[in-house]
Amino acid sequence: MSSKLVPPHGGKGLVCALLEGAAREAELKKAAGLKQVEITPRAKGDLIMMGIGGFSPLSGFMTKADWKGVCENFQMADGTFWPVPITLDVSAADAAGINVGDEIALVRKGETYATMKVTEKFEMTEADKRWECEKVFKGEGEESADDKFWEVAPKDHPGVIMVMGQKEFNLAGPVKVLSEGEYPKEYPGIYLKPADVRAMFDERGWANVAALQLRNPMHRSHEFLAKIAIEVCDGVLIHSLIGNLKPGDIPANVRIDAIKILIDHYFVKENIINAGYPLDMRYAGPREGLLHATFRQNYGVNNMLIGRDHAGVGDFYGLFEAQQIFDRIPYTGDTGKDLQCKPMKIDWTFYCHKCDGMASLRTCPHSKEDRVILSGTKLRKALSEGQPVVDHFGRDEVLVRLREYYAGLTEKVEVKMQGAASGAAM
């Protein structure tokens with residue numbers, strides 16, 4: 001039976017660079033004799049996504065023309081939509097010993113993740129990095145005005161800090177991926193490849209599917225978003241980031257436990273799939289919302305839930321910029337090259353005492369004082385400081401697991417509250 005799901009992004013099907021079996025063993029043997037290049041955690045996640053088809057149609061790291069087109073116009077050199085650069089940075093010392101046409105091994109902490117055929121090597125000056133940051137990370141709010149952005153971002157915006165800290169050169173070229181890292185072993189049944197997820201959708205007869213992006217424990221607002229989508233779609237993929245986060249964020253295994261508890265007690269299980277993906281956060285705000293939609297299309301998802309402050313970073317972005325950016329991206333009319341996963345835009349959600357339930361600004365006529373403002377940051381701050389969590393903020397069964405995690409911490413990390421998380425801008 002042919003699938004009715006949205007096709008993978010890029011018009012080439014699932015492009016998977018992962019080798020298995022004898023081909024993998026032969027490539028690993030060859031890699032041992034190649035120049036070894038140490039990669040960042042971000043590049044590790046990017047490689048795994050290229051390996052399993054999550055970054056289709058990418059089969060390697062971007063060229064300078066791709067990098068420039070993505071930053072400037074949301075399009076790679078061939079016109080295919082892509083919102084965030086996928087590049088591999090190396091030091092000047094490493095770059096000096098690598099020529100176009102060389103094969104290299106990409107390693108991290110002693111493990112070989114891929115081999116790469118270098119097709120291009122280009123310098124990234126400080127001016128290039130600043131330009132990338134302005135294109136990718138700047139929003140439209142007060143914090144994003146030129147003078148304010150460069151006053152605040154280099155010390156407070158984790159995405160900007162990451163890009164400005166990249167090494168002096170980028171390498172481009174196709175890869176052969178040789179490892180999925182720790183994810184299959186540490187997250188069995190949660191770490192799923194796009195082909196696996198698509199097969200699950202097909203088995204359930206789903207064609208119209210929404211995805212809920214999570215990097216925080218699932219609170220009542222997330223639950224409400226998922227249930228709105230269940231009412232109008234065939235099913236929902238709860239898709240959690242299981243790569244690296246910033247200090248103070250709750251680790252993936254705890255968040256996965258919390259989601260399982262919530263599904264067991266408050267969802268019809270046949271309408272939900274709980275999974276994780278192996279990327280690090282890029283903290284790219286609205287552009288990251290677009291990236292979430294782009295790779296979710298490869299998993300078979302055609303609706304991306306975008307609520308308040310999706311992929312937000314401090315107060316750098318307006319509360320609904322991640323929704324508005326979908327209205328500004330280019331469309332060529334080529335369904336293979338254009339983004340086909342559409343945003344499911346949801347207004348600010350909260351628990352209202354007078355409504356006696358979850359509501360949004362579109363449905364609730366009551367005052368701010370009647371509402372319990374929900375955010376992952378607000379929840380983490382209360383739990384990290386041992387403060388009581390306001391009634392109706394989260395489910396009791398989930399809070400038990402989260403309090404257990406915080407009670408076991410020997411070192412606390414301060415959680416800063418911003419306007420979006422506190423509800424001050426409501």
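These figures come from a predicted structure and were not determined experimentally. Nothing fancy with the numbering, it's 1 onward along the sequence.
Between Gln297 and Pro7, the shortest heavy-atom distance links the atoms NE2-O, 2.9 Å. Minimum interatomic distance between Met50 and Ser59 (heavy atoms only, all atoms of both residues): SD-C, 4.0 Å. Minimum heavy-atom separation, Ala207 to Leu5: CA-CD2, 3.9 Å.
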Requested in this report: Would you sort out whether His157 and Tyr283 count as a ring-ring contact (aromatic ring centres under 6.0 Å, His included), showing the intermediate values?
Outcome: CA-CA 8 Å; His157 194 301; Tyr283 299 100; 7.8 Å; no
Query raised in the report: Can you list the steps and then say if Ile373 with Tyr351 is a side chain to side chain contact (heavy atoms under 4.5 Å, CB included)?
Result: CA-CA 7 Å; Ile373 307 303; Tyr351 182 90; over 6 Å; no
Requested in this report: For the pair Trp82 and Phe55, evaluate ring-ring contact (aromatic ring centres under 6.0 Å, His included) and give the outcome as yes or no after the intermediate values.
Outcome: CA-CA 10 Å; Trp82 200 272; Phe55 271 176; 5.4 Å; yes
Requested in this report: Show your reasoning for whether side chain to side chain contact (heavy atoms under 4.5 Å, CB included) applies to Tyr405 and Ile250.
Outcome: CA-CA 9 Å; Tyr405 161 72; Ile250 295 174; 4.2 Å; yes
Query raised in the report: So Asp94 and Lys167, salt bridge (Lys or Arg N to Asp or Glu O under 4.0 Å) or not? Walk me through it.
Result: CA-CA 10 Å; Asp94 273 336; Lys167 301 182 182 76; over 6 Å; no
Query raised in the report: Between Met304 and Gln213, does a side chain to side chain contact (heavy atoms under 4.5 Å, CB included) hold up when you go through it step by step?
Result: CA-CA 8 Å; Met304 186 72 221; Gln213 158 74 26; 3.5 Å; yes
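Aromatic pair Phe224/His222: ring centres not closer than 6.0 Å. Checked against the 6.0 Å centroid threshold, His353 and His366 do not count as a close aromatic pair.
Residue-environment remark: NZ (Lys155) exceeds the threshold of 12 foreign heavy atoms within 6.0 Å. For Glu203, the CD atom sits in a loose shell: 12 or fewer heavy atoms of surrounding residues, nucleotides or ligands are nearer than 6.0 Å.
Partners of Arg362 under the salt bridge (Lys or Arg N to Asp or Glu O under 4.0 Å) rule, at least two apart in sequence or in another chain, do not exist in this structure. A search for side-chain hydrogen bond (donor to acceptor under 3.5 Å, both in side chains) contacts involving Asp234 returns nothing, not counting sequence neighbours. By the side-chain contact (heavy atoms from CB on, under 4.5 Å) test, Asn302 is found to be paired with Val6, Asn208, Val209, residues two or more places apart in sequence or in another chain being considered. With sequence neighbours excluded, the residues forming a side-chain hydrogen bond (donor to acceptor under 3.5 Å, both in side chains) with Ser367 are Glu369, Asp370, listed by chain and number. Scanning for side-chain hydrogen bond (donor to acceptor under 3.5 Å, both in side chains) contacts around Ser240 gives an empty result, with sequence neighbours left out. When the side-chain hydrogen bond (donor to acceptor under 3.5 Å, both in side chains) test is applied to His9, no partner is found at least two apart in sequence or on another chain.
Looking only at distances, no side-chain donor or acceptor of Thr112 sits under 3.5 Å from a matching main-chain atom of Ala114. Looking only at distances, a side-chain donor or acceptor of Thr294 sits under 3.5 Å from a matching main-chain atom of Leu290. For the pair Arg371 (side chain) and Cys364 (backbone), a donor-acceptor distance under 3.5 Å is present. Of the possible donor and acceptor atoms, none in the side chain of Asp89 sits under 3.5 Å from a partner among the backbone N and O of Gln166. Remark: the backbone N or O of Ile259 is not paired with any side-chain donor or acceptor of Arg401 at under 3.5 angstrom. Asn298 places a side-chain N or O within donor-acceptor distance of the main-chain N or O of Gly54, the cut-off being under 3.5 Å. Not one N or O on the side chain of Glu186 forms a donor-acceptor pair closer than 3.5 Å with the backbone of Tyr183. Side chain of Asp338 to backbone of Thr335: no donor-acceptor contact under 3.5 angstrom is found. A donor-acceptor pair under 3.5 Å is absent between the side-chain atoms of Lys337 and the main chain of Gly10, judged by distance alone.
Residue pairs that meet the ring-ring contact (aromatic ring centres under 6.0 Å, His included) test with at least one member in residues 246-267, sequence neighbours left out, do not exist here. Among pairs with a residue in residues 288-306, none fulfils salt bridge (charged side-chain N to carboxylate O under 4.0 Å, His left out), at least two apart in sequence or across chains. Screening residues 234-253 for ring-ring contact (aromatic ring centres under 6.0 Å, His included) gives His239-Tyr277, His239-Tyr299 as the qualifying pairs, with residues at least two apart or on separate chains. Counting only residues at least two apart or on different chains, the salt bridge (charged side-chain N to carboxylate O under 4.0 Å, His left out) pairs with a member in residues 213-227 are Arg220-Glu223, Glu223-Lys227, Glu223-Arg395.
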Under 3.5 Å, side-chain donor or acceptor atoms of residues 11-18 against the rest of the protein: list the pairs with distances, not counting sequence neighbours.
none

Listing, residues 65-73 side-chain donor-acceptor contacts under 3.5 Å, not counting sequence neighbours, or none:
unit_1: Asp66; atom_1: OD1; unit_2: Ala77; atom_2: N; d: 2.8
unit_1: Asp66; atom_1: OD2; unit_2: Thr63; atom_2: OG1; d: 3.2
unit_1: Trp67; atom_1: NE1; unit_2: Glu132; atom_2: OE1; d: 2.8
unit_1: Lys68; atom_1: NZ; unit_2: Glu72; atom_2: OE1; d: 2.9

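Of the inter-residue distances, the one linking Leu47 atom CG with Ile39 atom CD1 reads 5.0 Å to the nearest 0.5 angstrom. Here CG of Leu339 is found 10.5 Å from CG of Leu291. Values are rounded to the nearest 0.5 Å. Here the CZ-CZ distance, from Arg308 to Phe350, works out to 11.5 Å after rounding to the nearest 0.5 Å. Here CG of Asp78 is found 9.5 Å from CG of Asp334. Values are rounded to the nearest 0.5 Å. Atom-to-atom distance recorded for Asn170:CG and Glu168:CD is 10.5 Å, nearest 0.5 angstrom. Atom CG of Leu58 is separated from atom CG of Asp46 by 9.0 Å, given to the nearest 0.5 angstrom.
When each of Glu180, Lys185, Glu182 is checked for a side-chain hydrogen bond (donor to acceptor under 3.5 Å, both in side chains) with Tyr191, only Glu180 meets the rule.
Asp202 and Lys4 are not joined by a salt bridge, as no carboxylate oxygen comes within less than 4.0 angstrom of a charged side-chain nitrogen. Using a cut-off of 4.0 Å between Lys/Arg side-chain N and Asp/Glu carboxylate O, Arg108 and Glu111 are scored as not salt-bridged. Classification of Arg42 and Asp280 as a salt-bridged pair fails, no side-chain N sitting under 4.0 Å from a carboxylate O.
Side-chain atoms of Asn216 and Arg380 form a donor-acceptor pair, as typed in the model, at a separation below 3.5 Å. A donor and an acceptor atom, one from each side chain of Thr349 and Ser221, are located under 3.5 Å apart.
Val175 has its side chain out of reach of Thr115: every pair of non-hydrogen atoms, C-beta onward, lies at least 4.5 Å apart. Considering only heavy atoms from C-beta on, Ile273 comes within 4.5 Å of Phe201 through its side chain.
Cation-pi geometry between Arg287 and Phe74 is met: under 6.0 angstrom from the ring centre, within 45 degrees of the axis.
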